Protein chains: 2
Amino acid sequence: MHDDDIANIMRALGHPVRLEILRIMATQQQGQCCCGDVTESLPLAQSTVSQHIKVLHDAGLIERKPHGTRNRYCIRQDRLAELSSAFGGLLKGLAPSAAGKETELA
Amino acid sequence: MHDDDIANIMRALGHPVRLEILRIMATQQQGQCCCGDVTESLPLAQSTVSQHIKVLHDAGLIERKPHGTRNRYCIRQDRLAELSSAFGGLLKGLAPSAAGKETELA
DNA sequence: CATGTTCATCGCAATTCACCGATCATTCGG
DNA sequence: CCGAATGATCGGTGAATTGCGATGAACATG
């Protein structure tokens, strides 16, 4: 995972409403929910919620499964895991005296 | 740490240049460097770099210590630790079937 | 086929972001 | 006190983001 990817995901997570949307999705039965469920739980217009969902989807954080007249969304745990690992790597790279660790080991 | 705080930090980290700046700071001797060091390593104007540094500083991710005619910046490891913990909590809350874990335990 | 439901998408306005060059404040060396 | 250096900040431009209501596409049902 490159900086651009990490930054993209971070930006997608960089809005309180989107964090809340993810949480709502996680709380739903079987981790699945549709746009309406989210809209009900938030003081925002349906179009706005749909936009936020799109941002999360574009970042690859959620998955869309068309199902009849509505869409089911669920969190992509695989991507969360990837992110977690990439984030860990990032933090490690920023740790004190990570400065020449690789050459030390070489 | 609330969603707003997390989102703020995520947004600060949501730009590849800022990730790179943090890395540059970490690579520097004693984890300290000044604006010029960063500017030298990036194909951006000094004012732009200064802007990005300000974003990181506003997010509380770096610390500024005026030192003579220049400013020394360093990463705030304490804040990274906080973030790491908050991020972990976020991921846990998004994990599959985190849906009624608290009521289960209660 | 007509109707209702669900939601993505399309404008649109207001705000924020990213980048730049120019300027200003601070500080060190003579 | 003067000039050079460093870097924050200002003003401006173009692009992206955030919010909204309205429209449109896809589907289920009568």
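None of the values given here were measured: they were computed from a predicted structure. Residue numbering restarts at 1 for every chain, and letters A, B, ... go by the order of the sequence lines.
For dA8(D), the OP1/OP2 oxygens have a side-chain nitrogen or oxygen of Asn71(B) closer than 4.0 Å. The side chain of Arg11(B) contributes an N or O atom lying less than 4.0 Å from OP1 or OP2 of dC17(C). OP1 or OP2 of dG19(D) lies within a sub-4.0 Å distance of a side-chain N or O belonging to His15(A). Side-chain nitrogen and oxygen atoms of Arg64(A) include at least one within less than 4.0 Å of the OP1 or OP2 phosphate oxygen of dA8(C). Remark: Thr48(B) is not in phosphate contact with dA18(C), judged by side-chain N or O atoms under 4.0 Å from OP1 or OP2. Side-chain N/O atoms of His52(A) include one lying less than 4.0 angstrom from OP1 or OP2 on dG19(D). For dA8(C), the OP1/OP2 oxygens have a side-chain nitrogen or oxygen of Tyr73(A) closer than 4.0 Å. For Arg70(B), no side-chain nitrogen or oxygen approaches OP1 or OP2 of dA8(D) to under 4.0 Å.
Within the 3.5 Å criterion, the main-chain N or O of Leu94(A) finds a donor-acceptor partner in the side chain of Gln77(B). A donor-acceptor pair is defined here as one N or O able to donate and one able to accept, closer than 3.5 Å; no such pair exists between the side chain of Arg23(A) and the backbone of Leu90(B). A donor-acceptor pair under 3.5 Å links the side-chain atoms of Thr39(A) to the main chain of Cys35(A), judged by distance alone. No donor-acceptor pair closer than 3.5 Å links the side chain of Arg64(A) to the backbone N or O of Lys54(A).
Looking at which nucleotide of DNA chain C each of Lys54(A) and Thr69(B) is closest to, the 5′-most match is held by Lys54(A). Comparing Gly68(A) and Gly14(A) against DNA chain D, the residue whose closest nucleotide sits nearer the 5' end is Gly14(A). Nearest-nucleotide mapping onto DNA chain D: of Ser47(B) and Val55(A), the residue sitting toward the 5' end is Ser47(B).
Of the candidate nucleotides dG7(D), dA22(D), dA5(D), dA22(D) has the atom lying nearest to any side-chain atom of Gln46(A). Nearest nucleotide to the Ala45(A) side chain, out of dC20(D), dT9(D), dA8(D): dC20(D).
For the side chain to side chain contact (heavy atoms under 4.5 Å, CB included) with Leu61(B), the qualifying choice from Ile9(B), Val55(B), Ile75(B) is Ile9(B), the only one to do so.
Checked by distance alone, Gln51(B) brings no side-chain donor or acceptor within 3.5 Å of a matching partner on the base of dA8(D). Scanning atom types as modelled, no donor and acceptor separated by under 3.5 angstrom connect the side chain of Ser50(B) and the base of dG7(D).
Heavy atoms of Leu44(A) sit under 4.0 angstrom from primed sugar atoms or phosphate atoms, though from no base atom.
Leu42(A) places its CG atom 10 Å from the P atom of dC20(D), with the value rounded to the nearest Å. Spacing between atom NZ of Lys65(B) and atom P of dA8(D) amounts to 15 Å, rounded to whole angstrom units. If you take CD1 of Ile53(B) and C1' of dA18(C), they are 15 Å apart, rounded to a whole angstrom. Look at CD on Glu40(A): it is 9 Å from P on dT6(C), rounded to the nearest Å. Atom CD1 in Ile21(B) sits about 14 Å away from atom C1' in dG7(D), given to the nearest Å.
Phe87(B) and Phe87(A) have tilted rings, their planes meeting at an angle from 30° to 60° on a 0 to 90° scale.
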